[in-house]
Chemist: 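Got a structure for you, written out below as structure tokens; questions coming shortly.
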Amino acid sequence: MKLLILSVIASFLTCVIAMSAVAQSEVTLEPSKDNTLYEDALGSFSNGAGNHMFAGRTNESNNFLRRALVHFDVSQIPAGSTVNDVELTMRMSRAISGAHTIALHRVSADWGESTSDAPGQEGQGAAAAAGDATWIHAFSPSSNWQTPGGDFEPSPSATTSVAGSGNYTWTSTAELVSDVQQWVDNASSNFGWIVIGAEDIATSAKRFDTRESTSPPRLRIQYQPPNVAIEEDAEVPQLVSLRSTYPNPFRQTTTVEYELSEPRNVTLEVYDTLGRLVGTLTDGFHSAGKHVAVLSAGDLPAGVYFFRLESGDTTRYRQVVLTR
């Protein structure tokens, strides 16, 4: 049985790769908004309309933190698409010194970009305008972050080392893919990323160009549109159909949908890439119609897993990715 499952999984992966080469689409987006949080107890400063945003710690004379915010509207990606690859490129146009790690963290609350426009090199910011994000405000002057400095996931979605002036790319990670997949699946959860520098090192601040500049950030997304059925022939009526999984990739739980055209006995199992059974989600008689099952990550390690739906002489597979 294990050898048979491994063989089927290998065939399935070959099919996925072949179909992806034909069906995969790509889009490159520029930000819909960006801004800088300038460390300040009163939340007085912002740079919503400026050409630059900053991440890191300033020089020893003032020694304040800077955090950049950037948001992309992914609504042009069709609902139900599967995100496969994500890459963010930004131009760093001025640095104080040295190479430092710059991290992207998924923001967990909405924030604003308004008309503030810092003068000169823009490192000190400008007086925050109504609707701007500041160190203490998500929207100045009355809507605050839960935590000064912004609300975001503690674990970074991607990191890269930034040194001298030039373009820098945060290459695709499972976490970046998961972030964008979540935004495609649920637009109301899209608050973008916060860009955080080496905050424990003085003179680590880096200046990045914004959407108002001539070299704005660019987000490249490769995705598979939802009308591509990998494991089923859409032109043939299906007695048993294994539908979508949501979210995919996932961190804690994912829901898998399946449909029966008539009452049948059904077994739904989960396997890893070595063909080992890691869980049985359902095993028994089902009525006709749509059904759902939930897979909990539990102690499973990050990686690729496969749902295996069996009913009579029919077997369906679907891939899901677990990230940590």
Side-chain angles (χ1 to χ4, degrees), residues 16 20 24 26-29 31-32 34 37 53 55-56 67-75 77 80-90 92 100-111 147 149-162 167-199 206 208 217-224 244-256 272-273 295-306 318-324:
V16 169
S20 294
Q24 186 162 267
E26 181 174 309
V27 63
T28 298
L29 306 174
S32 56
D34 46 40
L37 306 183
M53 55 187 175
R67 294 173 178 174
L69 291 165
V70 60
H71 174 276
F72 296 87
D73 181 356
V74 300
S75 61
I77 298 176
S81 295
T82 299
V83 177
N84 297 317
D85 195 79
V86 175
E87 204 173 70
L88 174 64
T89 299
M90 298 198 297
M92 200 282 292
H100 300 104
T101 297
I102 306 294
L104 304 177
H105 294 251
R106 182 165 55 86
V107 181
S108 54
D110 200 8
W111 51 273
T147 303
D151 301 332
F152 54 89
E153 295 297 322
S155 297
S157 295
T159 63
T160 197
S161 178
V162 176
N167 290 328
Y168 291 89
T169 297
W170 286 257
T171 56
S172 193
T173 64
E175 291 76 16
L176 279 184
V177 170
S178 179
D179 289 349
V180 176
Q181 183 70 64
Q182 177 175 315
W183 300 339
V184 170
D185 294 339
N186 181 14
S188 65
S189 70
N190 181 6
F191 308 122
W193 290 294
I194 191 167
V195 185
I196 296 183
E199 297 189 341
K206 309 292 184 185
F208 296 94
R218 288 184 170 85
L219 181 66
R220 183 188 60 80
I221 304 170
Q222 289 184 344
Y223 64 93
Q224 185 173 291
S244 61
T245 59
Y246 172 81
N248 185 17
F250 75 104
R251 284 192 173 100
Q252 296 179 331
T253 62
T254 186
T255 299
V256 58
D272 64 15
T273 54
L295 170 64
S296 176
D299 296 328
L300 291 174
V304 176
Y305 294 88
F306 296 90
R318 184 167 286 277
Q319 176 183 308
V320 69
V321 178
L322 169 61
T323 64
R324 292 294 189 182

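These figures come from a predicted structure and were not determined experimentally.
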Chemist: Can you find a pair of side-chain heavy atoms, one from Val320 and one from Phe250, that are under 4.5 Å apart?
Modeler: yes
Chemist: Can you give me the closest heavy-atom contact between Thr159 and Trp170, atom names plus distance?
Modeler: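 Shortest heavy-atom contact: C-CD1, 3.7 Å.
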Chemist: If the condition is side-chain hydrogen bond (donor to acceptor under 3.5 Å, both in side chains), which residues does Gln252 pass it with, not counting sequence neighbours?
Modeler: none
Chemist: May I have the step-by-step check of side-chain contact (heavy atoms from CB on, under 4.5 Å) for Val321 and Asn248, ending in yes or no?
Modeler: CA-CA 6 Å; Val321 178; Asn248 185 17; 4.0 Å; yes
Chemist: Could you tell me whether the side chain of Ser172 and the main chain of Val86 form a donor-acceptor pair under 3.5 Å?
Modeler: yes
Chemist: State, yes or no, whether a side-chain contact exists between Leu176 and Leu88 at a heavy-atom distance under 4.5 Å.
Modeler: no
Chemist: Would you call Ile102 and Val195 a side-chain contact if the rule is heavy atoms closer than 4.5 Å?
Modeler: yes
Chemist: Looking at residues at least two apart in the chain, or sitting in another chain, which of them share a side-chain hydrogen bond (donor to acceptor under 3.5 Å, both in side chains) with Ser189?
Modeler: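 Listed in chain order: Gln182.
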Chemist: Do Asn190 side-chain atoms and Asn186 backbone N/O form a donor-acceptor pair below 3.5 Å?
Modeler: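 The answer is no, because no donor-acceptor pair under 3.5 Å joins these two groups.
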Chemist: For residues Glu175 and Ser157, report the shortest heavy-atom separation together with the two atoms involved.
Modeler: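 In terms of heavy atoms, the two residues are closest at CB-O, 3.5 Å.
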Chemist: Quick one: closest heavy-atom pair of Thr253 and Ser296, and the distance?
Modeler: CG2-CA, 4.0 Å
Chemist: Please step through side-chain contact (heavy atoms from CB on, under 4.5 Å) for the pair Phe152 and Ile196, ending with a clear verdict.
Modeler: CA-CA 11 Å; Phe152 54 89; Ile196 296 183; 3.5 Å; yes
Chemist: Donor-acceptor check, side chain of Glu26 to backbone of Gln222, threshold 3.5 angstrom: yes or no?
Modeler: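 Here the side-chain-to-backbone pair does not exist.
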Chemist: Kindly indicate, with the supporting measurements, whether the criterion side-chain contact (heavy atoms from CB on, under 4.5 Å) is fulfilled by Val27 and Ile77.
Modeler: CA-CA 8 Å; Val27 63; Ile77 298 176; 4.1 Å; yes
Chemist: Please examine the side chains of Leu104 and Pro156, heavy atoms only from C-beta on, and report whether any two atoms are closer than 4.5 Å.
Modeler: no
Chemist: How would you list all residue pairs meeting salt bridge (Lys or Arg N to Asp or Glu O under 4.0 Å) that involve residues 185-199, not counting sequence neighbours?
Modeler: Arg67-Glu199
Chemist: My understanding is that only residues two or more places apart in sequence, or in another chain, count here; which of them pass side-chain hydrogen bond (donor to acceptor under 3.5 Å, both in side chains) with Thr28?
Modeler: none
Chemist: Residues in salt bridge (charged side-chain N to carboxylate O under 4.0 Å, His left out) with Asp85, at least two apart?
Modeler: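 Scan of Asp85 (salt bridge (charged side-chain N to carboxylate O under 4.0 Å, His left out), adjacent residues dropped) gives Arg220.
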Chemist: Please name the pair of heavy atoms, one in Pro301 and one in Leu322, separated by the smallest distance, quoted to 0.1 Å.
Modeler: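 Scanning both residues, the minimum pair turns out to be O-CD2, 3.3 Å.
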Chemist: Quick one: list whatever passes side-chain contact (heavy atoms from CB on, under 4.5 Å) with Thr169, sequence neighbours left out.
Modeler: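 Checked Thr169 against side-chain contact (heavy atoms from CB on, under 4.5 Å); matches are Glu87, Thr89, Thr171.
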Chemist: Less than 4.5 Å apart, side chain to side chain, heavy atoms only: is that true for Phe72 and Ile221?
Modeler: no
Chemist: Does Ala187 have any side-chain contact (heavy atoms from CB on, under 4.5 Å) partners at least two apart in sequence or in another chain, and if so, which?
Modeler: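 side-chain contact (heavy atoms from CB on, under 4.5 Å) check on Ala187 returns nothing, list empty.
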Chemist: If the condition is salt bridge (charged side-chain N to carboxylate O under 4.0 Å, His left out), which residues does Arg106 pass it with, not counting sequence neighbours?
Modeler: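 Counting only residues at least two positions away or on another chain, Arg106 forms a salt bridge (charged side-chain N to carboxylate O under 4.0 Å, His left out) with Glu153, Asp179.
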Chemist: Just by modelled atom types, is the Met92 backbone N or O under 3.5 Å from a matching donor or acceptor in the Asn167 side chain?
Modeler: no
Chemist: Could you measure the distance from the CE atom of Met90 to the CE atom of Met53? Nearest 0.5 Å is fine.
Modeler: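 Answer rounded to 0.5 Å: 4.5 Å.
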Chemist: Holding to side-chain contact (heavy atoms from CB on, under 4.5 Å), I want the full list of residues that pass it with Ala302, two or more places apart in sequence or in another chain.
Modeler: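 With neighbours one apart ignored, the set is Arg324.
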Chemist: Can you find a heavy atom in the side chain of Val162 that is under 4.5 Å from one in the side chain of His100?
Modeler: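 Answer no - side chains too far apart.
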Chemist: Answer yes or no: is there a donor N or O on one side and an acceptor on the other, between the side chain of Thr82 and the main chain of Gln224, under 3.5 Å?
Modeler: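 The answer is no, because no donor-acceptor pair under 3.5 Å joins these two groups.
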Chemist: Please examine the side chains of Leu69 and Leu37, heavy atoms only from C-beta on, and report whether any two atoms are closer than 4.5 Å.
Modeler: yes
Chemist: Does any N or O in the side chain of Thr147 come within less than 3.5 Å of the main-chain N or O of Gly150, such that one atom is a donor and the other an acceptor?
Modeler: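 No; zero donor-acceptor contacts below 3.5 Å.
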Chemist: So, using ring-ring contact (aromatic ring centres under 6.0 Å, His included) as the criterion, who are the partners of Trp193 when residues are at least two apart?
Modeler: Trp183
Chemist: For a 4.5 angstrom cut-off between non-hydrogen side-chain atoms, does Trp111 reach His71?
Modeler: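 Yes. Closest side-chain heavy atoms under 4.5 Å.
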Chemist: Assess whether side-chain contact (heavy atoms from CB on, under 4.5 Å) is satisfied between Val107 and Asp151, documenting all intermediate values.
Modeler: CA-CA 6 Å; Val107 181; Asp151 301 332; 5.6 Å; no
Chemist: Just to verify, what does Ser161 make a side-chain contact (heavy atoms from CB on, under 4.5 Å) with, not counting sequence neighbours?
Modeler: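 If we apply the side-chain contact (heavy atoms from CB on, under 4.5 Å) test to Ser161, skipping adjacent residues, the hits are Ala99.
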Chemist: How far apart are the closest heavy atoms of Gly149 and Ile194, and which atoms are they?
Modeler: O-CD1, 3.6 Å
Chemist: According to side-chain hydrogen bond (donor to acceptor under 3.5 Å, both in side chains), who are the partners of Ser81, at least two apart in sequence or on a separate chain?
Modeler: none
Chemist: Heavy atoms only: give me the nearest Gly197-Ala55 pair and the separation to one decimal.
Modeler: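 Looks like N-CB, 3.9 Å.
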